[in-house]
Amino acid sequence: HDIHQLMRLIAALRAADAFVLVTQQAIGESTNEIEAVAPKTWRYLQMNQAQLNGRKSSIYRGKPAFSIFGVGPYTFAPWKVAISGLYKKLNFVKLGPRDDKPVILDDTCYFLPCESEEQANAVLKRLATSDAQSFLNSIIFWDAKRPINADILQRLNLSQIEP
């Protein structure tokens, strides 16, 4: 059942014509220059300001208008090895650029940024080892709403795993 959901998700990602408006390259960065650099985008943001200001997360308080979170150099890595935090199974996938642009994931996914497909393949290979899978399974509480999270994934030292 989980593998079918994942396959549908991957197919949807490949077929999606969705775009993300990235207003910052780093958390807290000013968004004011959008007005001069991309006036149509600025008008779009202004027209939707009420809705954007209605976001309930405290992460946006005191930040520049139209801020986003979870953005940094890793966001723009061309290749990623990703996993959904919501699924009840360890299933990492490799994601590469689409139309020469990096794929950007929502906040339900976690990923390791990679600079090349070869690096992504090496990471994926290490994550698929029985040592990595056993370790992760031993520290994941599968009954949690979001069993896979950054804290769990950061406990795994990939450099210690033989591919």
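Side-chain atoms of Ser159 and Asn157 include a donor-acceptor pair closer than 3.5 Å.
Using a 4.5 Å heavy-atom cutoff, the side chains of Arg146 and Tyr110 are in contact. Looking only at side-chain heavy atoms (C-beta outward), Ser67 and Gln24 come within less than 4.5 Å of each other. At least one side-chain heavy atom of Lys94 sits less than 4.5 Å from a side-chain heavy atom of Glu117. Proximity of Leu124 to Val93: side-chain heavy atoms (C-beta onward) are nowhere separated by under 4.5 Å. At least one side-chain heavy atom of Ile140 sits under 4.5 Å from a side-chain heavy atom of Leu90. At a threshold of 4.5 Å between non-hydrogen side-chain atoms, the residues Asn53 and Tyr60 do not count as touching. Contact check for Ile148 versus Trp142: side-chain heavy atoms found under the 4.5 Å cut-off. Inter-residue side-chain proximity for Cys114 and Val123 is flagged as met; some heavy-atom pair is nearer than 4.5 Å.
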As a quick check of understanding, evaluate side chain to side chain contact (heavy atoms under 4.5 Å, CB included) for Leu45 and Thr23, giving each step before the final call.
CA-CA 10 Å; Leu45 291 169; Thr23 58; 4.3 Å; yes
Apply side chain to side chain contact (heavy atoms under 4.5 Å, CB included) to the pair Phe92 and Phe111, showing each step before the final yes or no.
CA-CA 9 Å; Phe92 293 91; Phe111 66 90; over 6 Å; no
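No more than 12 heavy-atom neighbours from other residues, nucleotides or ligands sit within 6.0 angstrom of CD on Glu33. Applying the 6.0 Å contact sphere to OH of Tyr44 captures no more than 12 heavy atoms from other residues, nucleotides or ligands.
Note: Ser84 OG to Asp106 CG = 8.0 Å, rounded to the nearest 0.5 Å. Rounded to the nearest 0.5 Å, atoms NZ (Lys63) and OG (Ser58) are 8.5 Å apart. If you take CG on Leu105 and CD1 on Ile83, they are separated by 12.0 Å, rounding to the nearest 0.5 Å. Separation of atoms OG (Ser134) and CD1 (Ile139) is listed at 11.5 Å; rounding is to 0.5 Å.
At a threshold of 4.5 Å between side-chain heavy atoms, the hydrophobic network of Ile, Leu, Val, Met, Phe, Trp and Tyr places Ile104 and Leu86 in two separate groups. No chain of hydrophobic side-chain contacts below 4.5 Å, direct or via other Ile, Leu, Val, Met, Phe, Trp or Tyr residues, connects Trp79 to Tyr74.
Looking at every heavy atom in both residues, Leu156 comes nearest to Leu127 through CD2-CD2, 3.5 Å. Across all non-hydrogen atoms, the minimal contact from Ser138 to Phe135 is OG-O, 2.6 Å. Residues Pro102 and Thr75 come closest through the heavy atom pair CB-O, 4.2 Å. Taking all atoms of both residues into account, the shortest heavy-atom contact from Ile68 to Val71 is CG1-CG1, 4.0 Å.
Residues Phe66 and Trp42 bring their aromatic ring centres within 6.0 Å.
Of the possible donor and acceptor atoms, one in the side chain of Glu29 sits under 3.5 Å from a partner among the backbone N and O of Gln25. Arg155 places no side-chain N or O within 3.5 Å of a backbone atom of Ile152 that could act as its donor or acceptor partner. Of the possible polar contacts, none joining the Asp99 side chain to the Lys101 backbone as a donor-acceptor pair under 3.5 Å is found. A side-chain donor-acceptor contact under 3.5 Å links Gln119 to the backbone of Glu115. Put simply, the side chain of Arg126 gets close to the backbone of Leu158: a donor and an acceptor are under 3.5 Å apart.
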